[in-house]
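All remarks here apply to the structure that follows.
Just so you know, residue 1 is the first one in the sequence shown, and it goes up from there.
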Amino acid sequence: MDNKPHKLKLAISTCPNDTFIFGALIWGYLDYGDIKIETELMDIAELNNAALSGEFDIVKISMGFFPELKSAYHILRSGGALSNAGGPIVVSKNDHGELPPNSLIAVPGVTTTAYKIFKLFYDNDDNNPKYRYTEALFSRIPSMVETGEVDGGILIHEGRLVYKDFNLKLVADLGDNWQTKYQSPLPLGCIVINNENAHLAETVNNMICESMIFAAKNYDKMEEHILKHAHSDDPKIARHHIQTYVNKYSKDLTDAYKGIHDLIGISKRHIL
């Protein structure tokens with residue numbers, strides 16, 4: 001790395017796994033000398049759009065959206081969200097095995113991995129779609145299904161942990177579907193760095209890993225920050241979320257390359 005000062009614009013989600021992973025970095029618990037981080041937190045669909053517009057140097061995105069960005073970004077090895085459990089789920093008010101044709105389904109964004117995986121398993125003919133879709137903020141979807149505004153919804157983040165509080169029924173677990181078909185971790189999200197700053201990839205990977213180590217050793221210092229930004233302020237839900245999505249693949253996702261390739265078909269040269 002050169003010795004010139006670098007100011008990097010970072011955008012991540014408000015979810016506990018992201019704030020846990022990046023917390024020490026963005027809230028000043030660790031000093032990285034000449035590298036200064038300026039951070040914004042937003043919804044995953046907003047993050048995908050922000051990456052597309054190029055307004056940030058480092059961005060959390062849906063893994064399934066990376067093919068739209070691969071000419072301008074590389075995937076970082078560290079900071080992503082991959083899991084052998086805890087994938088997106090599909091819910092409705094009614095206890096049926098599958099949503100009826102022409103159902104209106106709320107999705108957390110048509111650029112999200114959750115939407116891509118749902119389409120893969122349940123509605124993969126774009127010329128003759130089985131369902132109708134409406135985009136919504138992920139935190140609104142449970143109540144939209146509960147009130148009948150939509151027939152079903154795809155839940156991500158904390159939503160998948162609290163759907164029973166809205167008297168909703170599980171229609172499908174997309175993570176289970178993925179595991180059955182591909183026998184590999186479900187690649188939900190990743191951190192990308194723009195080509196202009198790709199030379200800093202190794203340094204940023206190390207920063208992310210150091211931030212994770214700090215958070216694991218000092219969770220008492222991080223919890224207030226994490227809950228402040230989370231959709232649910234229940235500490236147990238935040239901890240469960242972190243345990244589900246912060247794992248060995250958060251440090252280095254290259255061991256899960258097969259699943260990433262199965263989902264988006266990229267080569268290893270796109271991963272730094």
Side-chain angles (χ1 to χ4, degrees), residues 12-21 43-45 47-48 60-64 80-99 103 105-122 131 133-147 149-182 185-190 226-227 229-247 249-250 259 263:
I12 59 171
S13 83
T14 59
C15 295
N17 62 303
D18 278 3
T19 49
F20 176 92
I21 289 172
D43 173 65
I44 188 62
L47 289 168
N48 290 338
K60 166 70 172 288
I61 66 161
S62 298
M63 187 72 78
L82 297 90
S83 180
N84 287 314
I89 61 173
V90 184
V91 298
S92 75
K93 288 182 68 173
N94 303 310
D95 194 5
H96 40 54
E98 189 172 323
L99 290 167
S103 293
I105 302 174
V107 302
V110 296
T111 60
T112 61
T113 307
Y115 175 75
K116 186 180 183 74
I117 294 173
F118 178 82
K119 293 279 288 182
L120 174 68
F121 286 107
Y122 295 101
Y131 299 113
Y133 301 95
T134 183
E135 294 184 272
L137 185 65
F138 80 93
S139 57
R140 283 199 62 238
I141 294 177
S143 60
M144 292 172 68
V145 181
E146 182 184 37
T147 60
E149 184 178 345
V150 293
D151 301 308
I154 301 175
L155 303 186
I156 60 174
H157 306 326
E158 299 104 312
R160 64 179 307 280
L161 303 176
V162 300
Y163 73 93
K164 291 181 180 178
D165 296 342
F166 294 84
N167 300 308
L168 303 180
K169 309 295 184 181
L170 180 67
V171 175
D173 187 317
L174 301 179
D176 286 349
N177 290 354
W178 179 272
Q179 289 291 329
T180 299
K181 182 170 182 177
Y182 295 105
L186 176 58
L188 295 166
C190 60
I226 291 168
L227 293 177
H229 295 282
H231 171 52
S232 170
D233 60 4
D234 185 334
K236 291 182 180 179
I237 290 176
R239 284 180 177 270
H240 187 279
H241 190 99
I242 292 165
Q243 290 166 359
T244 301
Y245 299 110
V246 180
N247 49 48
Y249 303 113
S250 305
L263 180 68

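- When atom types are taken as modelled, the side chain of Lys93 and the backbone of Glu146 share a donor-acceptor pair closer than 3.5 angstrom.
- Take His157 and apply the side-chain hydrogen bond (donor to acceptor under 3.5 Å, both in side chains) test, not counting sequence neighbours, and it matches no residue.
- Here Asp173 pairs with Ile89, Arg160, Asp176 under the side chain to side chain contact (heavy atoms under 4.5 Å, CB included) rule; sequence neighbours left out.
- Asn48 is linked by a side-chain hydrogen bond (donor to acceptor under 3.5 Å, both in side chains) to Ser62, Thr111, counting only residues two or more places apart in sequence or in another chain.
- None of Ile154, Val145, Val150 except one satisfies the side chain to side chain contact (heavy atoms under 4.5 Å, CB included) rule with Ile105; the exception is Ile154.
- Distance CG/Leu186 to OH/Tyr249: 11.5 Å, rounded to 0.5 Å.
- In terms of heavy atoms, Ser139 sits closest to Pro142 at O-CD, 3.7 Å.
- Here the closest non-hydrogen pair linking Ser83 and Gln179 is O-NE2, 3.9 Å.
- Taking the six-membered ring where the residue is Trp, Tyr131 and Tyr133 present perpendicular rings, their angle passing 60° and hence far from 30°.
- One distance of note links CG of Leu137 with CD1 of Ile44; it measures 12.0 Å at 0.5 Å rounding.
- Pairing each heavy atom of Ala238 with each of Ile226, the nearest pair is CB-CG2, 4.4 Å.
- Listed by chain and residue number, Leu263, Ile264 satisfy the side chain to side chain contact (heavy atoms under 4.5 Å, CB included) test with Lys116 (two or more places apart in sequence, or in another chain).
- Residues meeting the salt bridge (Lys or Arg N to Asp or Glu O under 4.0 Å) test with Glu135, sequence neighbours left out: none.
- Asn177 pairs by the side chain to side chain contact (heavy atoms under 4.5 Å, CB included) definition with Phe121, Tyr122, Leu174, not counting sequence neighbours.
- One distance of note links CG of Leu227 with OG1 of Thr19; it measures 8.5 Å at 0.5 Å rounding.
- For Pro108 against Ala114, the heavy-atom pair with the smallest separation is CG-CB, 4.3 Å.
- In this structure, CH2 in Trp178 is found 7.0 Å from CG in Leu120, a value given to the nearest 0.5 Å.
- Between Asp43 atom CG and Thr14 atom OG1 the span is 7.0 Å, to the nearest 0.5 Å.
- Here Ser13 pairs with Asp18 under the side-chain hydrogen bond (donor to acceptor under 3.5 Å, both in side chains) rule; sequence neighbours left out.
- Between the side chain of Thr113 and the backbone N or O of Leu188 there is at least one donor-acceptor pair closer than 3.5 Å.
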(message) Working note: Lys60 + Ile21, criterion side-chain contact (heavy atoms from CB on, under 4.5 Å); need CA distance, chi angles, decisive distance, verdict.
(response) CA-CA 12 Å; Lys60 166 70 172 288; Ile21 289 172; over 6 Å; no
Atom pairs and distances, donor-acceptor, side-chain atoms in residues 229-236, under 3.5 Å, two or more places apart:
unit_1	atom_1	unit_2	atom_2	d
Ser232	OG	Asp234	N	3.2
Asp234	OD1	Lys236	N	2.9

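- Distance check: Asp151 CG to Met144 CE gives 10.5 Å after rounding to the nearest 0.5 Å.
- For Phe166, there are no ring-ring contact (aromatic ring centres under 6.0 Å, His included) partners, not counting sequence neighbours.
- Listed here is the closest heavy atom pair of Leu47 and Ile61: O-CG2, 4.5 Å.
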